[in-house]
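First comes the structure, then the notes that go with it.
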Amino acid sequence: MQVDPEAQRLLAMPEAAYMNEEQLTFFQHRLQTEQLEVETHLEEVRKAIADNERSGDDLDRAAVEEEVRLLLRQADRETRLLRKIRQALRRIEEGDYGYCAETGQPIGLGRLLLRPTAELCLEAKERQEKLEHHYSKQRGDS
């Protein structure tokens with residue numbers, strides 16, 4: 001994977017510069033760009049759902065219903081991503097971006113470059129996933 005030069009420059013900054021103005025501006029721009037892309041794609045998905053015809057024989061209707069079901073799942077995922085992007089932008093405005101919501105420790109530039117909407121540091125995320133796995137086993141989920 002090739003890291004863009006701007007991201008590489010951020011990674012080369014000393015730890016003491018963590019979440020300085022330049023880094024916050026970088027992530028704000030990245031999140032705003034992603035927000036616009038998701039909003040545009042979400043609008044396309046909504047139009048595709050609205051444009052699907054419900055006429056034809058049973059087989060045609062079944063195919064259309066399956067396509068609509070997949071589009072709805074995609075719209076749901078993108079709606080959740082959009083909410084996370086907006087929350088991350090709000091954290092930038094409030095000065096909390098880049099710090100773990102659970103521990104208050106830095107999330108880390110590497111993790112944020114891969115997932116700019118991250119709210120938890122790696123250790124807290126791993127604990128959360130272990131708990132989720134534990135509870136899903138108790139419920140009998142696979």
Side-chain angles (χ1 to χ4, degrees), residues 1-56 59-142:
M1 180 174 102
Q2 192 174 18
V3 180
D4 70 73
E6 193 173 1
Q8 209 139 22
R9 192 170 38 73
L10 296 181
L11 287 168
M13 291 180 175
E15 281 186 38
Y18 186 71
M19 288 301 115
N20 63 18
E21 189 175 332
E22 185 177 354
Q23 291 175 356
L24 288 171
T25 301
F26 171 86
F27 285 109
Q28 184 175 33
H29 180 262
R30 179 174 271 192
L31 286 161
Q32 288 169 337
T33 300
E34 190 173 350
Q35 179 180 11
L36 184 59
E37 290 170 1
V38 171
E39 287 172 341
T40 301
H41 190 256
L42 193 53
E43 186 58 35
E44 291 170 4
V45 169
R46 287 179 180 146
K47 283 180 184 175
I49 290 170
D51 290 345
N52 270 307
E53 281 189 33
R54 300 216 182 261
S55 61
L59 195 55
D60 288 341
R61 282 194 303 268
V64 167
E65 285 177 15
E66 179 64 15
E67 184 178 339
V68 168
R69 187 181 67 77
L70 292 171
L71 288 169
L72 286 170
R73 284 181 60 198
Q74 185 177 12
D76 182 55
R77 280 193 308 271
E78 291 189 356
T79 300
R80 281 186 270 137
L81 176 58
L82 196 54
R83 186 171 46 250
K84 287 182 178 192
I85 291 169
R86 288 177 178 152
Q87 289 170 345
L89 288 167
R90 193 168 31 259
R91 285 194 311 275
I92 288 174
E93 290 173 11
E94 295 169 356
D96 297 331
Y97 185 80
Y99 294 93
C100 180
E102 186 177 299
T103 67
Q105 297 297 312
I107 292 173
L109 288 176
R111 178 159 164 71
L112 289 170
L113 286 168
L114 292 173
R115 185 171 299 274
T117 58
E119 294 182 56
L120 300 173
C121 62
L122 195 54
E123 295 79 18
K125 185 64 176 173
E126 287 172 347
R127 276 193 305 276
Q128 180 190 54
E129 288 175 354
K130 283 180 185 175
L131 271 175
E132 287 172 359
H133 179 71
H134 172 74
Y135 287 121
S136 70
K137 278 182 126 178
Q138 283 185 336
R139 288 190 315 259
D141 297 347
S142 296

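With a 6.0 Å radius and a threshold of 12 heavy atoms from other residues, nucleotides or ligands, Glu21 has its CD atom at or below the threshold. Atom CD of Glu66 is surrounded by more than 12 heavy atoms from other residues, nucleotides or ligands within 6.0 Å. Counting heavy-atom neighbours within 6.0 Å of Arg69 CZ, excluding the residue itself, gives a total above 12.
Once rounded to the nearest 0.5 Å, the distance linking CG of Leu114 with CG of Leu109 reads 11.0 Å. Thr25 contributes atom OG1, which lies 9.5 Å from atom CD of Glu6 (distance to the nearest 0.5 angstrom). To the nearest 0.5 Å, atom CG of residue Leu24 and atom CD of residue Glu93 are 11.5 Å apart. With values rounded to the nearest 0.5 angstrom, Glu67 atom CD is found 11.0 Å from Leu72 atom CG. Rounded to the nearest 0.5 Å, atoms CD1 (Ile107) and CZ (Arg115) are 11.5 Å apart. The distance from the OG1 atom of Thr79 to the NZ atom of Lys84 is 12.5 Å, given to the nearest 0.5 Å.
Summarising the geometry of Cys100 relative to Leu120, their closest heavy-atom pair is SG-CA, 3.8 Å, with the distance given to 0.1 Å. Between Ile85 and Gln35, the closest heavy-atom pair is CG2-CB, 3.7 Å. Nearest approach of Arg30 to Pro116, heavy atoms of both residues: CD-CG, 4.0 Å. For Pro106 against Cys121, the heavy-atom pair with the smallest separation is O-CB, 4.0 Å.
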Give the C-alpha distance, both sets of side-chain angles, the deciding distance and a yes or no for side chain to side chain contact (heavy atoms under 4.5 Å, CB included) between Met19 and Leu112.
CA-CA 11 Å; Met19 288 301 115; Leu112 289 170; 3.8 Å; yes

Show your reasoning for whether side chain to side chain contact (heavy atoms under 4.5 Å, CB included) applies to Leu71 and Gln74.
CA-CA 5 Å; Leu71 288 169; Gln74 185 177 12; 3.9 Å; yes

Stepwise, does the side chain to side chain contact (heavy atoms under 4.5 Å, CB included) test hold for Gln28 with Leu31?
CA-CA 5 Å; Gln28 184 175 33; Leu31 286 161; 5.9 Å; no

Which is it for Leu113 and Phe26 under the side chain to side chain contact (heavy atoms under 4.5 Å, CB included) test, yes or no, and what are the steps along the way?
CA-CA 10 Å; Leu113 286 168; Phe26 171 86; 3.4 Å; yes

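For the side-chain contact (heavy atoms from CB on, under 4.5 Å) with Glu102, the lone residue among Arg127, Glu119, Gln128 that qualifies is Arg127.
Applying the salt bridge (charged side-chain N to carboxylate O under 4.0 Å, His left out) test to residues at least two apart or on different chains, the pairs with a partner in residues 31-49 are Glu39-Arg86. For the ring-ring contact (aromatic ring centres under 6.0 Å, His included) condition, the pairs that include at least one residue of residues 84-122, sequence neighbours left out, are Tyr18-Tyr99, Phe27-Tyr97.
Side-chain contact between Leu89 and Gln32: present, with at least one pair of heavy atoms (C-beta onward) separated by less than 4.5 Å. By the 4.5 Å heavy-atom criterion applied to side chains, Met13 and Asn20 are counted as neighbours. Using a 4.5 Å cut-off on side-chain heavy atoms (C-beta onward), Arg111 and Lys125 make contact.
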